[in-house]
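Naming: A, B, ... by sequence-line order, numbering from 1 per chain. Note that this is a predicted model, so its numbers are computed, not measured. Only this structure's heavy atoms are used, side chains among them; waters, hydrogens and symmetry mates stay out.
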2 protein chains.
Amino acid sequence: MARNKDMNQKIKDERREQILSKALMFYAKKGLSATKITDIASALSISQGLIYHYYRSKEEIFTELIGTAFERMNEACRWLESQPMTAKEKIAFAIQELLKLLEKDEDAARYHLLIAQAAASEAIPGEAKAIIEKENTFSYEVIARIITDGQKDGSFKNYDAKELALVFWTSINGLAIYKAVHGEKFKAPDAAILTSMFFQE
Amino acid sequence: MARNKDMNQKIKDERREQILSKALMFYAKKGLSATKITDIASALSISQGLIYHYYRSKEEIFTELIGTAFERMNEACRWLESQPMTAKEKIAFAIQELLKLLEKDEDAARYHLLIAQAAASEAIPGEAKAIIEKENTFSYEVIARIITDGQKDGSFKNYDAKELALVFWTSINGLAIYKAVHGEKFKAPDAAILTSMFFQE
DNA sequence: GTCTATATCCAGATAGAC
DNA sequence: GTCTATCTGGATATAGAC
């Protein structure tokens with residue numbers, strides 16, 4: 001009995017995962033409003049009606065993905081900030097890891113794109129907008145704080161820390177979008193190019 | 001008689017302009033597939049049917065905008081390359097101008113966003129895709145050439161010129177997207193932050 | 001849990017009157 | 001040139017069978 005229940009639960013969880021994963025792919029590729037429920041269903045070789053067994057609407061799927069995207073991103077930021085590294089090491093590490101992620105982790109690039117897209121577009125569900133409004137500043141603040149630290153110890157250039165944080169993230173986002181376009185062919189640029197915006201020579 | 005003809009032509013041209021302009025706004029804001037013909041029509045206080053007097057479809061409007069976007073961009077690139085400046089001056093000038101444009105010229109930022117969007121999305125008309133495929137490399141090549149020149153005279157850092165050009169444009173695109181989100185509140189970062197990726201100290 | 005209808009709705013596009 | 005119908009298609013979402 002319990003056996004069956006567990007099995008069913010597992011199947012259910014797996015389906016949700018599959019749906020989320022495929023939806024992420026399509027949203028990143030075509031945007032929310034251009035992806036049809038059918039796209040997701042047929043890519044999974046399941047009936048279109050079945051999607052509605054798991055989610056109320058494609059907006060709900062989108063919102064869940066946005067939530068996950070920020071969870072991961074903010075968790076990574078918290079982790080980074082708490083590491084026993086110098087400011088310079090933190091930023092160097094972050095850029096290196098982000099570039100590596102963009103190059104090798106398809107989903108990571110997609111999540112980035114999703115956030116960029118969602119933030120840029122007004123055609124997204126209100127709930128998702130709310131998440132973005134609430135969460136989107138955190139990663140900027142973390143980077144700005146690290147930069148400020150680095151300026152205190154003289155290892156960073158003395159431009160406005162907020163502007164530097166802005167350029168930090170918009171550069172990464174720009175690359176994420178480029179990657180989304182060119183897919184496999186994308187090769188991340190040398191991390192040193194980006195770090196040279198921040199570090200004192 | 002000729003008078004009337006001219007008048008009519010003028011009205012027609014003006015309408016086309018209005019439609020293009022509003023369409024650009026909505027496409028930048030919500031993307032192609034999420035903007036409805038009704039959005040454009042009602043923003044112009046004209047009937048929805050009238051749009052079809054001027055354009056076959058919203059895809060056609062989109063494609064025309066993409067064409068214009070590249071025309072302007074490539075024209076600017078050609079102009080830049082032909083100027084009697086050093087490589088360093090050219091890049092410094094380009095970054096300065098682009099940032100100024102992003103900050104002050106709403107339409108310029110929108111055109112940027114449109115290209116980024118169109119390039120990133122598979123949900124765009126085939127004709128527009130073709131334009132992008134054909135035109136999108138030009139601006140990258142121009143910047144790469146200028147950078148190569150600058151490396152020869154020792155004023156530029158010696159990273160791979162193609163990678164530098166990539167970072168050049170993706171950084172600008174990232175900022176354009178950020179601007180699209182935050183609208184009026186956006187203040188462009190100090191141009192020197194970006195130039196420091198390219199110039200030898 | 002999954003599928004096959006089916007209902008509903010909305011946006012794209014057309015036709016014809018003014 | 002512009003508007004008001006209207007047609008049409010496609011996509012969302014639901015209902016009911018297996």
Side-chain angles (χ1 to χ4, degrees), chain A residues 1-23 26-27 29-65 121-128, chain B residues 1-23 26-27 29-65 121-128:
Chain A
M1 212 85 273
R3 199 65 192 263
N4 273 329
K5 236 181 176 177
D6 285 3
M7 278 291 252
N8 281 341
Q9 189 56 41
K10 207 185 160 201
I11 290 174
K12 232 183 153 181
D13 289 348
E14 271 170 12
R15 269 271 178 268
R16 285 181 79 96
E17 265 316 305
Q18 288 174 341
I19 292 171
L20 283 172
S21 166
K22 274 282 180 280
F26 279 107
Y27 292 157
K29 228 184 258 191
K30 323 207 295 182
L32 169 63
S33 70
T35 83
K36 303 161 214 6
I37 291 285
T38 314
D39 292 334
I40 302 167
S42 66
L44 291 170
S45 306
I46 60 178
S47 74
Q48 164 257 42
L50 186 55
I51 306 273
Y52 291 94
H53 192 74
Y54 293 90
Y55 291 96
R56 283 181 192 287
S57 66
K58 65 175 179 171
E59 279 75 21
E60 192 179 273
I61 304 176
F62 187 84
T63 304
E64 183 162 331
L65 284 169
S121 173
E122 284 181 12
I124 60 158
E127 214 181 325
Chain B
M1 214 86 272
R3 200 63 192 262
N4 272 330
K5 236 181 174 177
D6 286 1
M7 278 291 254
N8 281 342
Q9 190 56 42
K10 206 184 159 200
I11 289 174
K12 229 182 153 182
D13 290 348
E14 271 171 11
R15 270 270 179 269
R16 283 181 79 95
E17 265 314 305
Q18 289 173 341
I19 291 170
L20 283 173
S21 165
K22 274 279 180 281
F26 279 107
Y27 292 157
K29 229 184 257 189
K30 320 207 294 181
L32 169 61
S33 71
T35 83
K36 305 165 215 2
I37 291 283
T38 316
D39 292 334
I40 302 166
S42 65
L44 291 171
S45 306
I46 61 178
S47 74
Q48 167 256 38
L50 186 54
I51 305 273
Y52 291 93
H53 192 75
Y54 293 90
Y55 292 95
R56 282 179 194 287
S57 65
K58 65 174 181 173
E59 279 75 22
E60 192 178 273
I61 304 176
F62 188 84
T63 304
E64 183 162 333
L65 285 170
S121 172
E122 285 181 13
I124 61 157
E127 214 181 326

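A donor-acceptor distance shorter than 3.5 angstrom exists from the side chain of B:Lys36 to the backbone of B:Ala34, with no hydrogens or angles considered. Between the side chain of B:Lys58 and the backbone N or O of B:Thr35, at least one donor-acceptor pair lies under 3.5 Å. Side chain of A:Ser21 to main chain of A:Glu17: no donor-acceptor pair is present (N/O by atom type, distance under 3.5 Å, no hydrogens or angles).
At whole-Å resolution of the value, NZ in A:Lys10 and C1' in C:dG1 are 16 Å apart. We find that CD1 of A:Ile46 is positioned 7 Å from P of C:dT2, with the value rounded to whole Å. Rounded to whole Å, the distance from OH on A:Tyr55 to P on C:dT2 is 13 Å. Between B:Leu50 atom CG and D:dC3 atom P there is a gap of 5 Å when expressed in whole angstrom units. Across the protein-nucleic acid pair, B:Gln18 atom CD and D:dG1 atom P stand 13 Å apart, rounded to whole Å. When the C1' atom of D:dT12 is taken as reference, atom CD of A:Glu60 falls 14 Å away, rounded to whole Å. Atom NZ of A:Lys30 is separated from atom P of D:dA11 by 9 Å (rounded to the nearest Å). Distance B:Lys36 NZ to D:dG10 C1': 15 Å, rounded to the nearest Å.
Relative to the side chain of B:Ile11, the nucleotides D:dT12, C:dT2, D:dT2 differ in distance, and D:dT2 lies closest. Comparing C:dG12, D:dT2, D:dA13 against the side chain of A:Ser57 picks out D:dA13 as the nearest. Nearest to the side chain of B:Ser47, among D:dT12, D:dG1, D:dC3, sits D:dC3. Nearest nucleotide to the B:Gln48 side chain, out of C:dT14, D:dT12, C:dC3: C:dT14.
Applying the 4.0 Å criterion to OP1 and OP2 of C:dT2, one finds that A:Tyr54 has a side-chain N or O inside that range. Not one side-chain nitrogen or oxygen of B:Tyr52 sits closer than 4.0 Å to the OP1 or OP2 atom of C:dA15. Side-chain N/O atoms of A:His53 include one lying less than 4.0 angstrom from OP1 or OP2 on C:dG1. Between A:Lys58 and the phosphate of D:dT12, there is a side-chain N or O to OP1/OP2 separation shorter than 4.0 Å. Within the structure, a side-chain polar atom (N or O) of B:Arg15 is placed less than 4.0 Å from OP1 or OP2 of D:dT2.
Using a cut-off of 4.0 Å between Lys/Arg side-chain N and Asp/Glu carboxylate O, A:Lys30 and A:Asp39 are scored as salt-bridged.
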Practice item. Show your reasoning for whether side-chain contact (heavy atoms from CB on, under 4.5 Å) applies to B:Arg15 and B:Ile46. Key: CA-CA 10 Å; B:Arg15 270 270 179 269; B:Ile46 61 178; 3.4 Å; yes
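Nucleic acid contact for B:Ile37: sugar-phosphate only, since backbone atoms but no base atoms lie under 4.0 Å from a heavy atom of the residue. Residue contacts shown for B:Ser33 are absent, as no nucleic acid heavy atom lies under 4.0 Å away.
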